[in-house]
Amino acid sequence: MSDQRTNVSREASQVGRGASGSRGGGGSRGSIAIVGAGIAGLVAGVYARQSGFDVTVYEAHAIPGGASTSWSREGYLFEGGMHWLTGSSPKTALNAVWTEIGALNPDVPVYVRDPFLVYEFEGRTVCLHRDLDRLEAHLLDIAPEDEREIRRLVKDVRKFMKMDMPVFDLKGVKAAVPRKVDMGKMLAMLPAMPRMPFYANQTARAFAERFSSPLLRTLFSSMVGEDMSAMGLAFTLATLAAGDGGYPLGGSLAMARRVAETLEGLGGRIEYRALVERVAVEDGRATGVVVDGEERAFDAVIVTQDLRMAVDELFDPPLAEEWADDLRANVSPILDTFVSLGVRADLSDVPESVGFPVDEPVFCGGQRHDALAINNYAAYEGYAPEGCTALTLFMNGDTYDWWAARRADGTYAEEKWKLAEAVIAAVSKKYPQVEGKVEVWDVATPLTYERYLRSYKGSWMSNMLPGEKQTSYPAKPEGIADVYFAGQRLVAPGGLPTAVDTARTAVQHLCRDTGTVFQGAL
């Protein structure tokens with residue numbers, strides 16, 4: 001590993017740092033600006049640097065990670081991004097990608113929560129066990145009247161367990177270590193294909209209505225969001241059953257920092273508190289970026305800021321291409337309000353992820369919530385002071401306009417406090433040991449995410465409606481050369497796997513266009 005890094009650094013010393021012809025003939029390498037130090041930006045930086053390009057990443061925030069982040073308040077660490085990671089299992093193709101960009105390594109423990117989720121309703125409890133035999137027996141015990149639907153779901157999940165996100169090389173790219181298609185794995189996926197439309201063409205709510213048990217209906221409608229495609233529900237169960245979907249200890253920010261350290265160890269640069277205002281374009285080619293009013297010359301630009309925002313904000317004039325118009329018209333954002341509590345009590349006896357109905361509805365952004373779901377980090381070292389617990393809650397719903405109106409009329413801070421009070425009261429009623437022990441609270445609204453991420457309406461994923469075909473957007477614009485796109489918005493519904501895959505693809509486009517061998521290995 002040390003020899004390879006030395007070679008890359010030696011090659012980098014020969015790479016030009018401006019738009020002064022270093023992209024000349026013969027496939028010479030050049031200087032690359034990357035917009036955003038979220039996971040996609042960091043991954044693109046690592047792959048570009050490994051392949052010999054001079055890399056500078058510009059990040060408006062003071063820390064890396066983008067939507068994959070966490071923050072500290074008075075000794076409590078609140079996990080604000082990743083709650084489980086696709087590709088955490090070494091058996092998956094994606095795991096090799098996470099490893100080669102430094103996100104995972106043998107020294108990073110991966111915690112595999114089991115049961116993954118607990119839901120409590122009318123004095124009864126249902127657990128989402130990872131082992132399918134155990135899950136099936138448990139669900140049948142809870143709701144024998146739903147035997148037919150339970151057995152069919154479990155049978156389908158067994159098929160979906162064979163599905164694995166493949167990692168392909170871009171056609172025509174020269175790769176030092178080519179990714180070959182595993183035909184055995186591809187064939188193993190075939191039996192799942194006929195069952196996919198059944199889930200893709202209905203919402204989680206509609207799927208849940210197939211069950212007679214109120215407990216199971218509530219569980220399945222709330223697992224991934226009741227208005228989302230039931231495909232997300234089925235594939236979540238399959239991911240867990242396959243032993244994937246673990247949580248790297250340290251969470252989002254720690255993982256982002258590992259990738260950032262990998263990039264910097266390879267000689268790449270990250271400039272924080274540096275806002276990219278525009279991609280500089282001349283004669284149909286990107287010539288650099290404008291950062292805090294100053295134009296900086298580069299041979300190519302990789303944009304990893306939310307694509308929905310980037311097509312309008314980063315180009316003058318805004319991109320006027322058919323796919324960009326489609327993006328503007330059809331993105332269905334997933335957003336939430338995030339509530340964090342620091343509790344002066346050890347809540348180790350509370351499940352790590354638990355949902356429950358509330359006696360009094362909680363209103364968030366004008367929307368009614370009759371149930372809450374909390375993530376409990378009592379078992380995680382370093383997330384709270386000794387004997388204390390960090391709790392977090394996602395409250396799903398597009399409340400962007402409501403919060404924007406509260407900001408405009410001056411009641412924004414007051415409404416955040418009202419929400420925190422309502423959540424604290426509901427959690428305290430459910431778990432009396434919490435009452436009077438909340439010493440820290442924090443509310444992040446969609447406006448908070450918008451400010452830090454510069455994402456559309458503060459969203460962090462895109463919704464896929466029932467029956468909707470998976471939408472993807474190009475890695476390169478049609479009318480501007482030397483610009484590449486990556487990030488979660490390129491392929492719905494998004495998430496970390498999309499971020500890392502599109503970043504890898506963007507750099508492969510760059511390598512193919514410049515005749516450079518894509519390295520892709522530490």
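Atoms considered below: every heavy atom in the structure, side chains included; atoms not considered: hydrogens, waters and symmetry mates.
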*Decide yes or no on side chain to side chain contact (heavy atoms under 4.5 Å, CB included) for Leu170 and Arg504, but give the supporting numbers first.*
CA-CA 9 Å; Leu170 185 67; Arg504 185 176 181 273; over 6 Å; no

_If the test is side chain to side chain contact (heavy atoms under 4.5 Å, CB included), which one of Val301, Val303, Leu307 qualifies with Leu314?_
Val303

*What is the minimum heavy-atom distance between Val517 and Ala175, and which atoms define it?*
CG1-C, 4.1 Å

*Could you tell me whether the side chain of Thr516 reaches within less than 4.5 Å of the side chain of Leu510, counting heavy atoms only?*
no

*Contacts of type side chain to side chain donor-acceptor pair (under 3.5 Å), residue Asp442, not counting sequence neighbours*: Trp71, Arg73

*asked:* Once side chain to side chain donor-acceptor pair (under 3.5 Å) is applied, do any residues pair with Lys429, and if so which ones, sequence neighbours excluded?
replied: Asp359

*Which pairs pass salt bridge (Lys or Arg N to Asp or Glu O under 4.0 Å) with one or both residues in residues 484-493, sequence neighbours excluded?*
Asp306-Arg489

*Glu100 versus Tyr47, side-chain donor and acceptor atoms under 3.5 Å*: yes

*Taking Asn463 for its side chain and Ile334 for its backbone only, find out whether a donor-acceptor pair lies under 3.5 Å.*
no

*asked:* One pair to check against side chain to side chain contact (heavy atoms under 4.5 Å, CB included): Met82 and Ile39. What are the steps and the verdict?
replied: CA-CA 11 Å; Met82 170 180 57; Ile39 294 299; over 6 Å; no

*Pairs flagged by side-chain hydrogen bond (donor to acceptor under 3.5 Å, both in side chains) wherever residues 231-245 is involved - sequence neighbours left out*: Ser88-Asp244

*So His83 and Phe394, would you call those rings parallel, tilted or perpendicular, with 30° and 60° as cut-offs?*
perpendicular

_Any side-chain heavy-atom pair of Tyr431 and Ile374 under 4.5 Å_ = yes

_Tell me the closest heavy-atom pair linking Ala390 and Leu77, and the distance in Å._
CB-O, 3.7 Å

_A side-chain contact here means heavy atoms from C-beta on lying under 4.5 Å apart; do Asn375 and Glu79 qualify?_
no

*Less than 4.5 Å apart, any side-chain heavy atom of Met461 and any of Pro493?*
yes

*asked:* To the closest 0.5 Å, what do you measure between NZ (Lys162) and CG (Leu190)?
replied: 12.5 Å

_Main-chain N/O of Ala48 paired with Ser51 side-chain donor or acceptor, under 3.5 Å_ = no

*Please work out whether the ring planes of Phe211 and Phe207 are parallel, tilted or perpendicular, with thresholds of 30° and 60°.*
perpendicular

*Hey, what do you get for CZ (Arg130) to CG (Leu237), rounding to the nearest 0.5 Å?*
11.0 Å

_Rounded distance [0.5 Å steps], CG in Leu347 versus CG in Leu341_ = 10.0 Å

*Once the angle between the rings of Phe235 and Phe160 is folded into 0 to 90°, is it parallel (under 30°), tilted (30 to 60°) or perpendicular (over 60°)?*
parallel

*asked:* Going by the rule side chain to side chain donor-acceptor pair (under 3.5 Å), which residues pair with Tyr473 if we only count those two or more places apart in sequence or in a different chain?
replied: Asp326

*With sequence neighbours left out, what residues match Glu321 under salt bridge (charged side-chain N to carboxylate O under 4.0 Å, His left out)?*
none

*Please round to the nearest 0.5 Å and tell me the distance separating atom CZ of Phe121 and atom CG of Leu219.*
11.5 Å

_For Tyr247, run the ring-ring contact (aromatic ring centres under 6.0 Å, His included) check against Tyr111, Tyr380, Trp84 and tell me which one passes._
Tyr380

_So Thr86 and Leu496, do their side chains get closer than 4.5 Å, heavy atoms only?_
no

*What pairs of residues pass the salt bridge (Lys or Arg N to Asp or Glu O under 4.0 Å) test when at least one of them lies in residues 204-224, not counting sequence neighbours?*
Glu149-Arg210, Arg205-Glu226, Arg205-Asp227

*Identify, with sequence neighbours excluded, every residue that meets side chain to side chain contact (heavy atoms under 4.5 Å, CB included) alongside Asp133.*
Asp131, Arg158

_Can you give me the closest heavy-atom contact between Leu319 and Ala324, atom names plus distance?_
O-CB, 3.9 Å

*Please examine the side chains of Asp513 and Tyr484, heavy atoms only from C-beta on, and report whether any two atoms are closer than 4.5 Å.*
yes

*Value rounded to 0.5 Å, distance of CD in Gln488 from OG in Ser459*: 6.5 Å

_Suppose we screen for side chain to side chain contact (heavy atoms under 4.5 Å, CB included). Which residues come up paired with Asp325, at least two apart in sequence or across chains?_
Arg328

*Flag the pair Asp501 / Met165 as yes when at least one side-chain heavy-atom distance between them is below 4.5 Å, and no otherwise.*
yes

*Got a donor-acceptor contact below 3.5 angstrom from the Arg512 side chain to the Lys171 backbone?*
yes

*Could you tell me which non-hydrogen atom of Thr399 sits nearest to which non-hydrogen atom of Leu335, and how far apart they are?*
N-CD1, 4.2 Å

*Would you say the side chains of Glu145 and Ser213 form a donor-acceptor pair under 3.5 Å?*
no

*Within the side chain of Arg368, is there an N or O that forms a donor-acceptor pair under 3.5 Å with the backbone of Pro361?*
no

*Would a 4.5 Å heavy-atom cut-off, applied to side chains only, mark Phe338 and Leu393 as touching?*
no

Residues 192-200, side-chain donor-acceptor partners within the protein, below 3.5 Å, at least two apart:
residue : atom : partner : partner atom : Å
Arg195  : NE   : Asp156  : OD1          : 3.0
Arg195  : NE   : Asp156  : OD2          : 3.1
Arg195  : NH2  : Asp156  : OD2          : 3.0
Tyr199  : OH   : Asp156  : OD2          : 2.6

*Would Val311 and Trp323 satisfy side chain to side chain contact (heavy atoms under 4.5 Å, CB included), going step by step from the backbone distance to the final call?*
CA-CA 10 Å; Val311 294; Trp323 66 265; 3.8 Å; yes

*With sequence neighbours left out, write down each residue that passes side chain to side chain donor-acceptor pair (under 3.5 Å) with Lys155, or none if nothing qualifies.*
none

*Measure from the side-chain N and O atoms of Thr304 to the backbone N and O of Val35, and report whether any donor-acceptor pair falls under 3.5 Å.*
yes

*Report the C-alpha separation of Gln50 and Val507 in whole Å, then their side-chain angles, then the decisive distance to 0.1 Å, and conclude whether the side chain to side chain contact (heavy atoms under 4.5 Å, CB included) test is met.*
CA-CA 10 Å; Gln50 288 171 345; Val507 176; over 6 Å; no

_Closer than 3.5 angstrom, by distance alone: can the side chain of Thr445 be matched with the main-chain N or O of Thr337 as a donor-acceptor pair?_
no

*Provide the closest heavy-atom pair for Leu42 versus Ala256 in the form atom of the first, atom of the second, distance.*
CD1-O, 3.5 Å

_Taking every non-hydrogen atom, the tightest pair across Leu249 and Arg258_ = O-NH1, 4.3 Å

*Keeping to residues at least two apart or across chains, list the salt bridge (Lys or Arg N to Asp or Glu O under 4.0 Å) pairs with something in residues 104-121.*
Glu120-Lys430

*So with a 6.0 Å cut-off around CZ of Arg134, is the heavy-atom count from everything else above 12?*
no

*Leu233 CG to Phe220 CZ distance, which is reported to the nearest 0.5 Å*: 6.5 Å

